[in-house]
Amino acid sequence: VIPARVIRQLSRAEIDDLLRAHLVGRIGCHAAGVTYVVPVIYAYDGDGFYVASIEGQKIRMMRENPEVCFEVDEYDKGNWRSAIVQGVYEELAGAEADRAIELLAERFGRADGDRTPRRHGQDGVTTVCFRIRVGEVTGRAVTRSAAS
Ligand SMILES: Cc1cc2nc3c(=O)[nH]c(=O)nc-3n(C[C@H](O)[C@H](O)[C@H](O)COP(=O)(O)OP(=O)(O)OC[C@H]3O[C@@H](n4cnc5c(N)ncnc54)[C@H](O)[C@@H]3O)c2cc1C
């Protein structure tokens with residue numbers, strides 16, 4: 001029996017399910033002739049991905065060019081789902097940054113202890129909170145099934 005693999009498009013509701021189910025996504029950014037893809041942990045609220053980050057290359061690049069891509073996927077025994085989002089980087093301050101930390105804490109659970117992101121950094125490291133505001137979204141999936 002040859003498995004049939006048909007790539008289908010996910011509906012927006014299916015994409016939202018995928019984005020809410022996962023914790024790790026990949027940011028794709030581009031600035032000054034360099035393309036950079038980097039994994040981060042996120043909380044998704046339907047309109048944006050909230051991330052707590054250290055200062056570094058990705059933050060420098062997204063400040064320079066806020067047009068970014070965000071990708072989430074899963075793979076299991078030949079079945080896969082993925083979503084690709086075109087978005088805009090927005091750095092958060094004050095109450096908005098606090099809300100980002102709240103969303104991340106809710107998503108990961110406070111039992112996570114010291115690994116819960118902190119607004120004001122630890123060990124002298126500054127935390128940068130940001131949102132990737134969701135623009136155009138696409139989703140695709142393959143469900144492997146036995147061909148008749
Ligand atoms: C599953 C997962 C979840 C993560 N979640 C977060 C998160 O929520 N917030 C966060 O700030 N960071 C997270 N990280 C770490 C993140 O991927 C980066 O390593 C880190 O944020 C530093 O990125 P930067 O652009 O500031 O790199 P810099 O410290 O400025 O370093 C840039 C240099 O390091 C290399 N580099 C950076 N990151 C990686 C990497 N992951 N793998 C290989 N090479 C790398 C780059 O290619 C470049 O040469 C996560 C990593 C993983 C694997």
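Keep in mind the model is a prediction, meaning the values are calculated, not measured. Just follow the structure's listing: the first ligand is 1, and inside any ligand the first atom is 1.
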Interatomic spacing from [atom1] in [X] to [atom2] in [Y] - rounded to 0.5 Å:
| X | Y | atom1 | atom2 | answer |
| --- | --- | --- | --- | --- |
| Ile27 | Ile59 | CD1 | CD1 | 7.5 Å |
| Ile15 | Ser82 | CD1 | OG | 9.0 Å |
| Ile84 | Glu71 | CD1 | CD | 5.5 Å |

Handout entry: Which of the ligand 1 atoms, numbered from 1, are nearer than 4.0 Å to a heavy atom of Val38
Key =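 Ligand 1 atoms under the 4.0 Å threshold to Val38: 16 (C), 17 (O), 18 (C).
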Problem - Under 4.0 Å to a heavy atom of Gly56 - the qualifying atoms of ligand 1, by number - result: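 So the answer, numbered in order with elements, is 26 (O), 30 (O).
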State whether the shortest distance between N or O atoms of [X] and N or O atoms of ligand 1 falls below 3.5 angstrom.
| X | value |
| --- | --- |
| Val24 | no |
| Lys58 | yes |
| Val51 | no |

Practice task
Identify the protein heavy atom lying closest to atom 48 (C) of ligand 1, giving its residue, its atom name and the separation to 0.1 Å.
Solution key: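 Nearest neighbour among protein heavy atoms for atom 48 (C) of ligand 1, to 0.1 Å: Gln57 OE1, 3.2 Å.
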Handout entry: atom 8 (O) of ligand 1 - nearest protein heavy atom and its distance
Key =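 Of every protein heavy atom, Ile41 N, 3.0 Å lies nearest to atom 8 (O) of ligand 1.
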Problem - Ion pair Arg26/Asp73, N-O distance below 4.0 Å - result: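 Salt bridge: yes.
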Practice task
Answer yes when Glu96 and Arg131 have at least one side-chain N-carboxylate O distance shorter than 4.0 Å, and no when they do not.
Solution key: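 So Glu96 pairs with Arg131 through a salt bridge.
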Establish whether [atom] and some protein heavy atom are separated by less than 4.0 angstrom.
| atom | answer |
| --- | --- |
| atom 44 (N) of ligand 1 | no |
| atom 26 (O) of ligand 1 | yes |
| atom 10 (C) of ligand 1 | yes |
| atom 50 (C) of ligand 1 | yes |
| atom 32 (C) of ligand 1 | yes |

Handout entry: N/O donor-acceptor pair under 3.5 Å between Tyr42 side chain and His22 backbone
Key =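 Checking the backbone N and O of His22 against the side chain of Tyr42, a donor-acceptor pair under 3.5 Å is found.
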Practice task
Without swapping roles, check the side chain of Arg107 against the backbone of Arg20 for a donor-acceptor pair under 3.5 Å.
Solution key: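 Yes, because the side chain of Arg107 sits within donor-acceptor range (under 3.5 Å) of the backbone of Arg20.
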Exercise for the section: For Val68 and Cys29, work out which heavy atoms get closest and say how close. Expected result: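 Nearest heavy atoms, Val68 then Cys29: CG1-CB, 3.9 Å.
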Exercise for the section: Look at ligand 1 and say whether Tyr36 reaches it with a heavy atom at a distance under 4.0 Å. Expected result: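 Contact present.
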Handout entry: Asn65 and Tyr89 side chains, donor-acceptor separation under 3.5 Å
Key =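 No, no side-chain donor-acceptor contact under 3.5 Å.
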Practice task
Select the closest option to atom 22 (C) of ligand 1 among Ile54, Leu104, Val128, judged by heavy-atom distance.
Solution key: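 Shortest heavy-atom distance from atom 22 (C) of ligand 1: Ile54.
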Exercise for the section: Could you name the option among Ala52, Gly25, Pro39, Ser53 that has the heavy atom nearest to atom 53 (C) of ligand 1? Expected result: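 Nearest heavy atom to atom 53 (C) of ligand 1 lies in Pro39.
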Practice task
Compare all side-chain heavy atoms of Phe70 with those of Val137 and state whether any distance is below 4.5 angstrom.
Solution key: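 Not touching, per the 4.5 Å side-chain cut-off.
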